[in-house]
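Take a look at the structure below.
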Amino acid sequence: MILLQSHSRFLLDNLLNRLQNIEKAVEADYHWAEFDDVRYHIQVTMKNPHILLLSVSLPTPPQETVFLGGLPSGAIEAIKAAYGAVVQILDPPRDGFNLTLKLNLSKLPPDEEYKHALLVKIASVREVVLGAPLRGILKKLTSRTVASNTDGLVALVHRPNESFFLIPQAEKVTVIFPMRFKDSIDIVLATSFLQEFVEARRMAGLNTAPHCLWSPTPPLELKEAPAEALSANAGFVTFVIFPRHVEGKKLDRTVCSLSTFHAYVSYHVKCSEGFMHTRMRRRVESLIEALDRAKPGMENAKNASQSRSFKRLSLKEARTNSNQ
């Protein structure tokens with residue numbers, strides 16, 4: 001199955017294109033939106049072609065989540081740690097956005113490989129911001145400790161007015177996703193997909209993967225969650241993250257996979273739906289062709305039409321035939 005990339009492809013392409021044509025001093029003003037209702041805005045002026053303003057609008061948080069100054073907890077520290085002096089946070093952000101970053105392209109490192117890696121990180125601003133509280137909790141797991149200011153149940157936003165939940169402990173972190181879909185077909189496909197997803201965990205080659213469970217009803221760990229947050233029509237998916245899953249470079253991969261899990265399921269549900277529609281259309285076409293071939297006298301009529309010939313008559317011959 002295809003794993004979603006952590007960075008915005010459109011944003012990365014724009015950053016690379018701007019860097020290659022920085023001396024042309026061309027203005028840029030782009031708006032676009034990506035999955036989970038994350039909106040972006042890029043602006044570059046001819047007056048300062050080295051300066052790029054990047055604004056990000058995050059999903060509307062539900063009441064059970066905690067946003068500080070319009071951002072998840074730890075987002076400011078995560079941005080500074082990820083980008084350093086290349087990026088400056090503007091306060092207040094542009095109207096209609098949660099965050100505005102001022103990117104100075106002249107401060108990018110000269111090393112091409114490191115420069116490209118930094119641009120990919122900038123294009124992953126969604127993961128850096130929304131994944132900041134998740135990353136902080138999982139980092140504590142590596143030292144087998146729990147932050148003193150962390151409650152027993154932590155709600156993190158990942159979709160408009162929707163959240164997923166974490167239960168941090170010293171030896172493990174339990175992550176629970178209430179799965180919601182609007183379309184009735186998507187609900188059926190997602191339920192089947194998630195059940196197979198759990199079964200795949202039992203394969204021999206996936207023994208070290210996080211434990212995965214699916215339940216049609218809320219797990220007991222969510223007994224303190226508000227009732228409106230538990231209205232999931234496709235069940236609940238539970239992952240159990242152990243220290244071995246966040247060691248070293250595994251932390252980035254785990255944060256990315258958990259942050260985009262609902263989008264990952266939605267993507268494969270839509271792909272499955274499209275595949276089935278294609279197969280159904282092909283099957284219908286083949287049945288229509290078989291029925292046409294089975295019609296009685298169809299072959300004789302076809303042969304008769306092919307054997308017919310026509311002779312062009314002159315005006316004199318036509319008048320003679322009509323008089324007769």
Side-chain angles (χ1 to χ4, degrees), residues 3-59 67-136 139 248-256 259-260 263:
L3 293 176
L4 299 180
Q5 297 176 335
S6 61
H7 63 270
S8 166
R9 183 62 181 269
F10 186 78
L11 176 54
L12 179 60
D13 290 344
N14 274 277
L15 292 174
L16 293 173
N17 182 67
R18 171 58 50 179
L19 195 61
Q20 294 172 358
N21 302 282
I22 194 171
E23 300 300 333
K24 294 183 179 180
V26 179
E27 289 188 355
D29 195 340
Y30 302 118
H31 290 264
W32 76 97
E34 293 191 350
F35 58 86
D36 296 337
D37 196 32
V38 178
R39 295 185 296 109
Y40 299 88
H41 179 213
I42 281 182
Q43 189 174 27
V44 181
T45 62
M46 295 180 62
K47 184 178 180 181
N48 296 309
H50 292 79
I51 302 299
L52 183 146
L53 295 181
L54 170 62
S55 299
V56 183
S57 175
L58 303 177
F67 264 38
L68 302 175
L71 295 173
S73 60
I76 299 297
E77 293 77 7
I79 293 171
K80 293 179 180 179
Y83 306 138
V86 178
V87 170
Q88 178 184 355
I89 302 173
L90 298 186
D91 189 21
R94 293 292 181 90
D95 290 340
F97 294 91
N98 299 80
L99 175 69
T100 298
L101 302 178
K102 181 179 179 182
L103 173 61
N104 192 338
L105 299 177
S106 61
K107 292 185 178 182
L108 290 173
D111 183 78
E112 291 298 328
E113 184 176 353
Y114 182 51
K115 181 189 300 183
H116 186 271
L118 183 56
L119 291 177
V120 172
K121 195 70 174 178
I122 294 173
S124 305
V125 62
R126 175 192 181 278
E127 179 194 338
V128 172
V129 176
L130 285 180
L134 173 62
R135 182 182 297 273
K139 272 187 176 181
K249 295 182 179 180
K250 293 181 182 180
L251 176 62
D252 292 336
R253 184 176 179 181
T254 302
V255 171
C256 176
S259 299
T260 60

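We number each residue from 1, following the sequence as shown. Since the model is a prediction, treat every value here as computed from it, not as a measurement.
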Practice problem: Find the distance between CG (Asp37) and OG (Ser57) and round it off to the nearest 0.5 Å. | Solution: 6.5 Å

Quiz item: With under 30° as parallel and over 60° as perpendicular, where do the rings of Tyr30 and Phe10 fit, or are they tilted in between?
Solution: perpendicular

Quiz item: Of the options Leu54, Leu119, Leu108, which is the one that meets Leu15 in a side-chain contact (heavy atoms from CB on, under 4.5 Å)?
Solution: Leu119

Quiz item: Roughly how far apart are Asn98 CG and Leu71 CG, rounded to 0.5 Å?
Solution: 6.0 Å

Quiz item: Which value, rounded to the nearest 0.5 Å, describes the distance between Leu68 atom CG and Ile76 atom CD1?
Solution: 9.5 Å

Quiz item: Hey, what do you get for CG (Leu103) to NE2 (His50), rounding to the nearest 0.5 Å?
Solution: 11.5 Å

Quiz item: Do the side chains of Glu27 and Val44 get nearer than 4.5 Å, heavy atoms only?
Solution: no

Quiz item: What do the steps show when you test Glu127 against Ser259 for side chain to side chain donor-acceptor pair (under 3.5 Å), and what is the final call?
Solution: CA-CA 7 Å; Glu127 179 194 338; Ser259 299; 5.9 Å; no

Quiz item: Of all heavy-atom pairs between Val255 and Gly131, which one has the smallest distance, and what is that distance?
Solution: CG1-O, 4.1 Å

Practice problem: Start with the C-alpha gap between Leu52 and Lys102, add the side-chain angles, then the distance that decides, and say whether side chain to side chain contact (heavy atoms under 4.5 Å, CB included) holds. | Solution: CA-CA 6 Å; Leu52 183 146; Lys102 181 179 179 182; over 6 Å; no

Quiz item: How about Pro72 and Leu134: do any of their side-chain heavy atoms sit closer than 4.5 Å?
Solution: no

Quiz item: What is the distance from atom NZ of Lys139 to atom CG of Leu251, rounded to the nearest 0.5 Å?
Solution: 6.5 Å

Practice problem: Go through the steps to decide whether Glu77 and Lys80 satisfy the test salt bridge (Lys or Arg N to Asp or Glu O under 4.0 Å), and finish with yes or no. | Solution: CA-CA 5 Å; Glu77 293 77 7; Lys80 293 179 180 179; over 6 Å; no

Quiz item: What do the steps show when you test Lys115 against Asp111 for salt bridge (Lys or Arg N to Asp or Glu O under 4.0 Å), and what is the final call?
Solution: CA-CA 6 Å; Lys115 181 189 300 183; Asp111 183 78; over 6 Å; no

Quiz prompt | Closest non-hydrogen atom pair, Ala82 against Lys121 | solution = CB-CE, 4.0 Å

Quiz prompt | Pairwise distance CZ(Arg18) to CG(Leu105) - rounded to 0.5 angstrom | solution = 8.0 Å

Quiz prompt | CA sep, side-chain torsions, deciding dist, call: His41, Trp32, side chain to side chain contact (heavy atoms under 4.5 Å, CB included) | solution = CA-CA 7 Å; His41 179 213; Trp32 76 97; over 6 Å; no

